[in-house]
Structures are given as structure tokens and as C-alpha cells.
Amino acid sequence: MGPLRQEVEPGSVGLDAGALDRLDRHFAALVDDGRLPGFLVAVARHGRVAHLTTYGTRDRAAGLPVERDTLWRIYSMTKPVTSVAALMLMEEGRLGLDDRVADHLPAFAEPRVYVGGSGSGTTTRPAEQPILVRHLLTHTAGLTFGFYHRHPVDALYRDAGVESSVAPGADLAGTCEVYARLPLQFEPGTQWNYSVATNVLGRIVEVVSGQDLDDFLHRRVLGPLGMTDTGFQVTDEQAARLAELYGEDDEGRLVPIAGLPLRGRPRFLSGSGGLVSTAHDYHRFMEMLRRRGELEGTRLLRPGTVDLMAANQLPGNADRRSFGSPAHREDGNAGLGFGLGVSVVVDQEATRSPSSEGAFGWSGVATTTFWVDPRRDLTVQFLSQLRPKGSHSVFPDLKRLLHEAVRS
């Protein structure tokens, strides 16, 4: 199908070309200052791409530029794709939101909840209720990430060898067995804590469908949507288009770092963060969501299912700050709820960001993000390849600058 291309002029769909130019110049300055390696930004209105910019390099040492068909590690932007797969199985009656996870993965039959202590002195109790599939989709299961350093259970994940979310040498099934042996941070359904939950959901997709996750996604999601460049590995032909992954050294300079292995099929198929994709492919995924489950005559989900996915599922329409675990009660979660696999704006004023209520999407750790704004009939994606050591202003700046470009 070729790379993504601009289809209309910004003004024809109510966007200010001058404001979009300011957006481009802002992020180009970050590249010129050595704070980003390169980027691609694409904005579509009413389903038509009205702004598309590439700038900087996908490989600094080789001097290779970012191009429209560059491949990016999208990390946690994988999660909405896996969530769509699970929702498809729900529509078929093969999986339910209120299914116990243990009905599909028996290792989770007797979850225990953290009480106190640390390391070998940790004390736990039996969970009062089971982990449900809806808890996985909403990150309210009590699971966590080992790379957090905020709670004693995070340290237990590191002790168990899953600091990077994968057990050494294990596949998805084996890694989920490790998760199941670890205590939950809290009673299922009582707090929000971003976690390895979507890996567990990906394993459930495998068990319910009888297919490996990569095969199911290819046959049922990626293939039907024409996302031909998206997958868990890159071919020899694709390899030259893959962007280098960068981190920051102690002086803040960009340095190449290792990412997930992509040459050859990985043993661990991460439903949380294993996909690579292009702007063209992820645009098609966003368009399917914007069109409430359908794209060019191919329907993956019913409209009501996408509406449910994009609706806040936290109790009492709470945001992630008020319902979050102690580690997530910072201002950055104010006004943001969580649907079935995506973040949802529930209180625009509380976010202190110029976004629309009902806008939904998610981001990846390597400075990638997307959102769908139903009220403005707008989709946005920003792709780069930097895993910063700390927080940065790229995403807030993108929202602010994009908001200035919407005239009507």
C-alpha cells in the first residue's frame, strides 16, 4: 500500500497550517539540539491526512533520515492492538469481561495479596475475589512492573527475574506462570496500577483462540486492516527501514541502546510492548477505531464495543490519580480515566491540557504516542525512538501545539 501520505491541505479540514508549522519547528529544534534523534508526526481530520512531517535521523551514525516508511518500535502502543484482539473474542462469545483469568490460565487460581514486609519477609493473604479479564484490560488486577521502584512487590518481580517483564529464556506462557506466583499489590479491582496485565491478556488470547499471539494478530487484526509492516519481527527487507533505538547517557547525550530482539521470531511475544509498526499501519489502526470498528468494508468490532473500549471503566468515573495506586497519584494522571486498553480523557480541565473529553489513546516508552479525538474527528500520531531517563515535555507540548492548530 506504500507509505503514509498527506491527502488534503490543512485549511480544507479546519486546521491552521501556520500553527502546524510552529509544531514542526518546535520538535525540529529538539532534534537540532540533540534531544531527539528524529520524528514523524501525522494529523488526520475526518479520516484524511492533513499534516505529515518527518525530520531528523532514524540512524544518527549512518546519517539515515526519518522517512515516511520508517519502522518504529511502538512498545506500549501494542497494548490497544492486543486489547482489540481480546474484544474480538468477546464478541464471538469465546471470552467474557467477567471471566475469571484462572478459567483460562489455571496458574492464577489462588492469587495472594501483599500485606507487608519485603523480600523473604513478605507477608500475603488470599485475595478476596478473583482476577477478572476486565481487570487485565483496565490495569486494575493488582499486577505491576519490575522496573518500578515504588513498592515491595516491584522488587519481588525483579527477584523473580522479570524486571524487563519477561522471564529469562521463557515464552509468553512461561512468563505468565512467573507472574502468577507473585503477590498482587492490592485486591483486584480496587486500584489502578499500570502493569504487565496486557501480557497476561495476550496469553489468554492464545489459549482461547488456540493460536500463537503473532499468528492470531496477523490473521485477525493486522492482515485484515492492511497493516503489512506491523509485527513482532522484521524481515531482511524491512531491516534497513528500522529506526535505531536511543537512550541518554549521564550528560543527557543520545546513545544507541538495545531493544527487544526483532531479527527472527522472538520466543517471547509481548502483548504489552512487542510490536514494530509504521505511520501508515498505525494510521489504519487508528482509523478503524475512529470509524468505530470498521475500515474500508472490513469490520473488526461492533460500534458499541469500540464505544465501550473508549469509555472510562474506573468505578464512579474516577480518574487515575484518585483511583491509582500510591505510585500513580501524581498530577499527570488527573482527569484521565482508563477504558478497555486505552487512556480516556474524563475531565479536560483537570488534565491541565488542551484535550477533548472522550479523546482516547496511549503512548510507548520510546517516545511514541497516538490519540483519537471523536469530538473533533481527529487522529494524531507522533513517532520517535528515544527511551529517556526521566520525564520529558514531548507529549504535553504536542497536545498544546496541536490544540492551537484546530480552528473549527
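The shown structure was predicted, so the numbers you read here are calculated from the model rather than taken from an experiment. Along the sequence shown, residues are numbered consecutively beginning with 1.
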Please check this pair: side chain of D281 against backbone of D229, looking for a donor-acceptor N/O pair closer than 3.5 Å.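 Here the side-chain-to-backbone pair exists.
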Hey, would you say the Y114 and F186 ring centroids sit under 6.0 Å apart? no
Requested in this report: Please confirm whether F145 and Y194 have ring centers closer than 6.0 angstrom.
Outcome: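 Centroid distance F145-Y194: below 6.0 Å, so yes.
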Which atom of [X] lies closest to which atom of [Y], heavy atoms considered:
X: L301; Y: T305; answer: CD2-CG2, 4.0 Å
X: W362; Y: P80; answer: CB-CG, 4.3 Å
X: L95; Y: A86; answer: CD2-O, 3.8 Å
X: T54; Y: E67; answer: CG2-C, 3.9 Å
X: T78; Y: G271; answer: CG2-O, 3.4 Å
X: A197; Y: L143; answer: CA-CD1, 3.8 Å

Is it true that, when you exclude [X] itself, more than 12 heavy atoms of the residues, nucleotides or ligands shown sit nearer than 6.0 Å to its [atom1]?
X: R5; atom1: CZ; answer: no
X: E91; atom1: CD; answer: yes
X: R299; atom1: CZ; answer: yes

Which is it for L105 and E177 under the side-chain contact (heavy atoms from CB on, under 4.5 Å) test, yes or no, and what are the steps along the way? CA-CA 9 Å; L105 304 179; E177 294 271 348; over 6 Å; no
Do the side-chain N and O atoms of [X] and [Y] include a donor-acceptor pair separated by under 3.5 angstrom?
X: S270; Y: N199; value: yes
X: H46; Y: R290; value: no
X: D397; Y: H26; value: yes
X: Q185; Y: D154; value: yes
X: K79; Y: S76; value: yes
X: T140; Y: T138; value: yes
X: D373; Y: S356; value: yes
X: T124; Y: R112; value: yes
X: N193; Y: H328; value: yes

Would you call the rings of F27 and F382 parallel, tilted or perpendicular, taking 30° and 60° as the class edges?
tilted
- prompt: So does R25 pair up with D32, basic N to acidic O under 4.0 Å?
  reply: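 No, this pair does not count.
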Using atom types as modelled, flag every donor-acceptor pair under 3.5 Å from a side chain in residues 335-347 to any protein atom, sequence neighbours excluded.
{"residue": "S343", "atom": "OG", "partner": "R320", "partner atom": "NH1", "Å": "2.7"}
{"residue": "D347", "atom": "OD1", "partner": "E349", "partner atom": "N", "Å": "3.3"}
{"residue": "D347", "atom": "OD1", "partner": "A350", "partner atom": "N", "Å": "3.2"}

- Checking side chain to side chain donor-acceptor pair (under 3.5 Å) for the pair T53/D24: CA distance, chi angles, key distance, verdict? CA-CA 7 Å; T53 296; D24 290 343; 2.8 Å; yes
H280 meets the ring pair (Phe, Tyr, Trp, His ring centres under 6.0 Å) criterion, sequence neighbours left out, with none
Query - Derivation and outcome, side chain to side chain donor-acceptor pair (under 3.5 Å), residues T367 and S384 - result: CA-CA 5 Å; T367 316; S384 190; 5.4 Å; no
- Before giving the answer on side-chain contact (heavy atoms from CB on, under 4.5 Å), spell out for E206 and L269 the whole-Å C-alpha distance, their side-chain angles and the decisive distance to 0.1 Å. CA-CA 10 Å; E206 291 189 329; L269 300 170; 4.0 Å; yes
Ring-face cation of R387 near Y75 (centre distance under 6.0 Å, axis angle within 45°) =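 Judged by the rule, R387 and Y75 form a cation-pi pair.
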(Q) Using a 6.0 Å distance limit plus a 45 degree cone around the ring axis, check whether R150 lies over the aromatic ring of Y148. (A)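 Yes, a cation-pi geometry holds between R150 and Y148.
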